[in-house]
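Scroll down for the structure; my scribbles are underneath it.
When a ligand or atom number is given, it counts from 1 through the structure's own listing order.
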Amino acid sequence: MRAMVLDKPRPAEEQPLQARVIPEPTPGPGEIRVRVRVCGVCHTDLHIVQGELQMHKLPVVPGHQVVGVVDAVGTGAEGFREGDRAGVIWLHSTDGKCEYCSRGLENLCVNARFSGYDVDGGYAEAVIVPVAFAHHLPKNFSDEHAAPLLCAGVIGYRSLKLSGASKSDRLGLYGFGASAHIVLQIARFMGCEVYVFTRTATHKELASRLGAAWVGDAKERPPRELDAAIVFAPAGPIVLDALRALRKGGTVSLAGITMTPIPQMDYSLLYQERVVRSVANSTRQDARELLELAAEVPVRTAVTLYPLEDANRALADMKHSRIEGAGVLRIG
Ligand SMILES: [Zn+2]
Ligand SMILES: [Zn+2]
């Protein structure tokens with residue numbers, strides 16, 4: 001099967017992924033094979049191909065926002081049949097028994113494995129997933145519009161929950177890519193007023209079009225204090241910008257898997273019970289809730305399609321904020 005393979009991490013502009021034909025995988029017990037139609041491109045993929053995360057497996061096929069059709073079912077795999085549409089998320093498997101799994105925090109499982117990182121992912125014509133970690137997708141989404149929900153949407157949704165934002169709150173979004181453009185729609189549906197901080201002109205336009213109450217640069221102070229904020233940009237200094245805009249007792253949640261160092265700050269910026277918290281991965285329950293909510297809103301994802309072989313270009317475009325909404329690879 002065709003796949004985009006990473007042998008050695010390099011900057012996205014240097015074509016780190018190589019188009020190659022690799023053996024087609026076979027599902028084991030409890031697993032299904034998904035014939036990939038589309039796979040979303042995520043910032044985590046960019047961090048992986050550029051070597052900004054510790055590598056778990058090389059060579060590796062990235063990709064963890066897969067939409068496809070089941071074409072092989074392993075023994076004992078229940079819940080999906082051949083021909084069913086299926087979604088694959090970042091969380092590939094857990095041990096189901098560690099301290100964190102027992103606490104309902106499978107996103108923190110000590111033996112968690114991740115799609116396109118610990119196991120080959122969806123930048124390929126087929127992918128294997130344990131059936132318990134595959135998701136049925138809402139019917140009112142086309143393949144390409146569903147793909148960005150699977151990580152950008154899910155992690156954004158978890159970040160929104162952990163920010164504590166609720167009805168009538170003023171929510172700040174720092175950075176406006178695939179995840180934020182979905183969160184904005186969900187937050188508005190919940191009754192939040194959304195303030196978007198981004199430098200990129202096309203992202204400002206998209207935010208306004210989707211109903212942002214205010215749009216500005218990260219350094220700007222919004223006209224009113226924020227009740228909650230989510231930082232999507234992987235830049236530590238922005239955490240301080242968000243704290244400066246936050247009311248007493250508000251929370252800033254950090255959605256990224258990595259970030260440049262957060263600068264030293266005066267305690268006064270955090271004092272008055274402001275909270276800064278990170279968000280790590282997400283649970284299957286987060287994915288189920290997000291998919292249901294996305295269908296109810298309904299969320300309209302903005303997508304730019306690339307052929308599989310242009311995965312390097314898609315990653316470079318995302319890196320340089322040239323994509324409006326989400327980048328998606330078309331494969332099958
Ligand atoms: Zn566990
Ligand atoms: Zn992701």
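Using a 4.0 Å cut-off between a side-chain N of Lys or Arg and a carboxylate O of Asp or Glu, Lys57 and Asp118 do not qualify as a salt bridge.
Angle SG(Cys98) to the Zn ion (ligand 1) to SG(Cys109), rounded to 10°: 110°. Remark: at the Zn ion (ligand 2), atom SG from Cys151 and atom SG from Cys42 enclose 130°, rounded to the nearest 10 degrees.
Among all heavy-atom pairs drawn from Val88 and Ser115, the shortest one is CG1-OG, 3.8 Å.
No donor-acceptor contact under 3.5 angstrom links the side chains of Arg188 and Gln185, judged on distance only.
For His64, the N, O or S atom closest to the Zn ion (ligand 2) goes by the atom name NE2. Looking only at N/O/S atoms, Asp95 comes nearest to the Zn ion (ligand 1) through OD1.
The aromatic ring centres of Phe133 and Trp90 sit 6.0 Å or more apart.
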